[in-house]
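The structure under discussion appears below in the form of structure tokens.
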Amino acid sequence: MNSFTDVFNEFSQQHNQQFKLRDLLAFLDSKCQNGYFDRDVFQQLIDQIPGAQSQQQCTINQLIYVMKKAYEVLNDKINKGQQIIDQRNIELRAYQDKLRQSQTNSLTNTNKLNIEILDADIFYQGSGQLQVSVECMTTVVYTQLSSRQKPQWNESFEFNANESAILKFILLDTELLQKRGLGGVANLDINTFNDQMLHDIHVNLTDESNSVIRAKLHIKVQWIHSKNKYLIDLINENTVQINLLEQELNDHVIDLEIIAQPFRQELKVPNVGVSTYQSQPNQQQQLLYQSQNGAQSIDERQIDRLVQISLLLTILYLIIGLLNSIYRTIYLDYIVIFYCFLFYQKNYRLQSLLHIKIIMAMLIVALIQDIVWLAIYSTPYLGEFNPNFDHLEYGIQKYQVILSGLLLLCKILVLIFYVHIYSTYPDKQTQIYDQQWQSIFGLKQVREINVYRNYY
């Protein structure tokens with residue numbers, strides 16, 4: 001970031017000389033459009049310089065160092081925070097889809113109890129091997145035998161249970177079984193897990209008189225008695241988490257803007273809008289794009305339509321490719337098709353235009369290969385029958401040329417549609433959807449974050 005040095009050269013070229021903090025702050029004020037550099041941010045920067053606060057002075061190099069460091073840290077936090085929000089949005093949409101499906105199928109009560117037996121701490125002496133039995137309603141299951149020294153099982157079981165069920169855990173000891181004794185017993189009321197959340201707990205196993213703790217069992221329990229309520233709770237929890245993450249992201253964006261403001265012309269940092277993420281279940285969302293010419297929007301229905309049509313074209317591409325592969329090796333086409341399907345799996349709602357660029361480049365290469373192949377091999381088989389060829393061989397070759405032509409036409413259609421998808425998004429080089437392209441081929445300081453994105 002030479003721009004920091006260039007801007008401070010206007011103040012002084014003696015970067016190792018001590019200057020008063022008030023003079024440096026006044027200079028930063030003069031470089032801001034509104035004539036004011038945030039005092040709280042300036043104070044946080046000065047606190048990172050040893051002795052600057054007490055002496056009320058520092059060198060330009062010291063100030064440049066902490067500003068660069070803060071700029072890089074904030075950029076990193078914004079990128080990582082946006083990735084977490086993206087993942088949360090994907091999970092939120094998946095839960096909403098499951099909820100709609102559950103409501104459509106009228107699946108309200110499931111009464112599924114999941115128990116995972118992890119390990120145990122043993123408090124009594126012995127030498128036998130250990131095993132845990134779990135009883136729920138009329139079902140009894142057993143873990144595998146484990147050694148006595150720090151026993152571990154990591155086994156999961158599923159039960160059908162209702163609100164009257166009592167869970168009974170019994171620690172079985174091969175040494176004590178010979179004497180008709182037990183290692184320990186514990187009973188749990190299933191209503192303890194009525195909130196449907198995953199409980200990671202330790203259960204005390206006592207003797208038959210319930211007076212001495214003989215072992216402590218580590219288990220995970222989750223009781224799903226209402227699938228709809230469970231999904232609604234997950235949706236609400238993810239919505240709250242996304243709101244908190246968006247607010248934290250907005251705070252980072254504001255701090256980044258403050259630091260970059262005096263250097264905006266050199267760093268070419270755009271005005272980053274700040275918006276608090278708001279999400280309601282089943283609410284229609286929009287993808288908002290902030291550009292220098294004003295806000296533009298593409299609603300989620302249009303996004304869904306683009307995804308559906310491009311996926312259908314890709315499936316058609318696969319079918320014609322399979323027909324071609326009977327008589328012709330098309331490794332490159334299979335690579336392109338695989339990457340296309342991977343794109344839909346990993347990039348929900350066209351999150352990254354970088355993948356579209358890669359797909360378009362691969363399709364262009366595949367098109368060139370097909371055109372060259374047809375130019376070489378189509379001529380002998382599209383005209384009059386040549387008696388030098390066997391009839392069967394001639395028919396197969398003609399079939400191959402026709403299918404190759406259809407494959408070429410299909411690739412052109414797929415390529416045209418991907419070009420349409422890419423051209424649909426405005427200001428592609430200033431959007432988060434293209435940030436991977438910028439991070440690989442652009443300058444780091446030009447990376448921009450759009451906190452307006454609200455797809456889920």
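Small disclaimer: the values here were computed from a predicted structure and weren't measured.
Residue Pro151 comes nearest to Asp119 through the heavy atom pair O-CB, 3.2 Å, listed as atom of the first residue, atom of the second, then distance. Contact detail for Phe37 and Ile258: the closest heavy-atom pair is CE1-O, 3.2 Å. Met137 approaches Ala165 most closely through the heavy-atom pair SD-CB, 3.5 Å. Nearest approach of Leu182 to Val185, heavy atoms of both residues: CD1-CG2, 3.8 Å. Taking each heavy atom of Cys58 and Ile46 in turn, the nearest pair found is SG-CD1, 4.5 Å.
The distance from the CZ atom of Phe42 to the CG atom of Asp47 is 10.0 Å, given to the nearest 0.5 Å. Remark: Thr314 OG1 to Leu413 CG distance equals 11.5 Å, nearest 0.5 Å. A distance of 13.5 Å separates NZ in Lys68 from CD1 in Ile259, rounded to the nearest 0.5 Å. A distance of 8.0 Å separates CG of Asp255 from CG of Asp38, quoted to the nearest 0.5 Å. One finds the NZ atom of Lys69 at 11.5 Å from the CG atom of Leu74 (value rounded to the nearest 0.5 Å). Expressed to the nearest 0.5 Å, how far CD of Gln369 lies from CG of Leu408 amounts to 11.0 Å.
Listed by chain and number, the residues in a side-chain contact (heavy atoms from CB on, under 4.5 Å) with Glu91 are Gln87, Arg88, Tyr95, Asn238 (sequence neighbours excluded). Applying the side-chain hydrogen bond (donor to acceptor under 3.5 Å, both in side chains) test to Glu248 and every residue at least two apart in sequence or in another chain returns nothing. Listed by chain and residue number, nothing satisfies the side-chain hydrogen bond (donor to acceptor under 3.5 Å, both in side chains) test with Gln131 (two or more places apart in sequence, or in another chain). In this view, Lys216 satisfies the salt bridge (charged side-chain N to carboxylate O under 4.0 Å, His left out) rule with no residue, not counting sequence neighbours. The side-chain contact (heavy atoms from CB on, under 4.5 Å) check on Leu118 picks up Glu116, Asn154, His218, Lys220, with sequence neighbours excluded. Residues meeting the side-chain contact (heavy atoms from CB on, under 4.5 Å) test with Ser147, sequence neighbours left out: none. By the side-chain contact (heavy atoms from CB on, under 4.5 Å) test, Thr174 pairs with Gln129, Leu145, sequence neighbours left out. For Thr206, the side-chain hydrogen bond (donor to acceptor under 3.5 Å, both in side chains) partners two or more places apart in sequence, or in a different chain, are Asn210.
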Exercise for review: Would you check, one step at a time, whether the test side-chain contact (heavy atoms from CB on, under 4.5 Å) holds for Leu172 with Val132?
Suggested key: CA-CA 6 Å; Leu172 303 175; Val132 177; over 6 Å; no
Exercise for review: Start with the C-alpha distance between Leu245 and Ile84, add both sets of side-chain angles, then the distance that settles side-chain contact (heavy atoms from CB on, under 4.5 Å), and finish with yes or no.
Suggested key: CA-CA 8 Å; Leu245 289 169; Ile84 296 174; 3.6 Å; yes
Point to revise | side-chain contact (heavy atoms from CB on, under 4.5 Å) assessment of Leu415 paired with Met360 | key: CA-CA 6 Å; Leu415 178 60; Met360 289 191 295; 3.9 Å; yes
Exercise for review: Apply side chain to side chain donor-acceptor pair (under 3.5 Å) to the pair Asn324 and Ser404, showing each step before the final yes or no.
Suggested key: CA-CA 7 Å; Asn324 267 270; Ser404 296; 3.2 Å; yes
Review point. After noting the C-alpha distance and the side-chain angles of Asn114 and Val221, does the key distance pass the side-chain contact (heavy atoms from CB on, under 4.5 Å) rule?
Key: CA-CA 6 Å; Asn114 297 293; Val221 183; over 6 Å; no
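For Gln144, the CD atom sits in a loose shell: 12 or fewer heavy atoms of surrounding residues, nucleotides or ligands are nearer than 6.0 Å. In Gln53, the CD atom is crowded: over 12 heavy atoms of neighbouring residues, nucleotides or ligands sit closer than 6.0 Å. Atom CD1 of Ile213 has 12 or fewer heavy atoms from other residues, nucleotides or ligands within 6.0 Å.
The shortest side-chain heavy-atom distance between Phe263 and Met67 falls under the 4.5 Å cut-off. A heavy-atom distance below 4.5 Å is not found between the side chains of Leu312 and Leu316. A 4.5 Å side-chain heavy-atom check between Ile122 and Leu171 finds at least one atom pair inside the cut-off. A 4.5 Å side-chain heavy-atom check between Tyr317 and Leu322 finds every atom pair outside the cut-off. Within the 4.5 Å cutoff, the side chain of Val134 has no heavy atoms near those of the Leu167 side chain. Between Ile219 and Phe169 there is a side-chain heavy-atom pair separated by less than 4.5 Å. Between Leu313 and Cys410 the shortest side-chain heavy-atom distance does not fall below 4.5 Å. The closest side-chain heavy-atom distance from Val141 to Glu155 is not below 4.5 Å.
In this structure, the side chain of Asp207 engages the main chain of Ser211 through a donor-acceptor pair within 3.5 Å. Looking only at distances, no side-chain donor or acceptor of Gln261 sits under 3.5 Å from a matching main-chain atom of Cys32. A side-chain donor-acceptor contact under 3.5 Å links Asn79 to the backbone of Asn75.
Sorted by first and then second residue, the salt bridge (Lys or Arg N to Asp or Glu O under 4.0 Å) pairs with a member in residues 135-152 read Asp121-Lys150, Arg148-Asp173; sequence neighbours excluded. Each ring pair (Phe, Tyr, Trp, His ring centres under 6.0 Å) pair with one or both residues in residues 129-165, not counting sequence neighbours, would appear here, but there are none. The stretch residues 403-414 participates, sequence neighbours left out, in these salt bridge (Lys or Arg N to Asp or Glu O under 4.0 Å) pairs: Asp333-Lys411, Asp370-Lys411.
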Name the atoms and distances for all side-chain donor-acceptor pairs under 3.5 Å in residues 187-194, with sequence neighbours left out.
from, atom 1, to, atom 2, distance (Å)
Asp189, OD1, Asn191, N, 3.1
Asp189, OD1, Asn191, ND2, 3.1
Asn191, ND2, Glu163, O, 2.9
Thr192, OG1, Asp189, O, 2.8
Asn194, OD1, His225, NE2, 3.2

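Judged by distance alone, the side chains of Ser226 and Asn228 never bring a donor and an acceptor atom under 3.5 Å apart. Side-chain atoms of Gln247 and Asp251 form a donor-acceptor pair, as typed in the model, at a separation below 3.5 Å.
Seen from the ring of Phe123, Arg214 does not count as a face-on cation partner, given the 6.0 Å and 45° thresholds.
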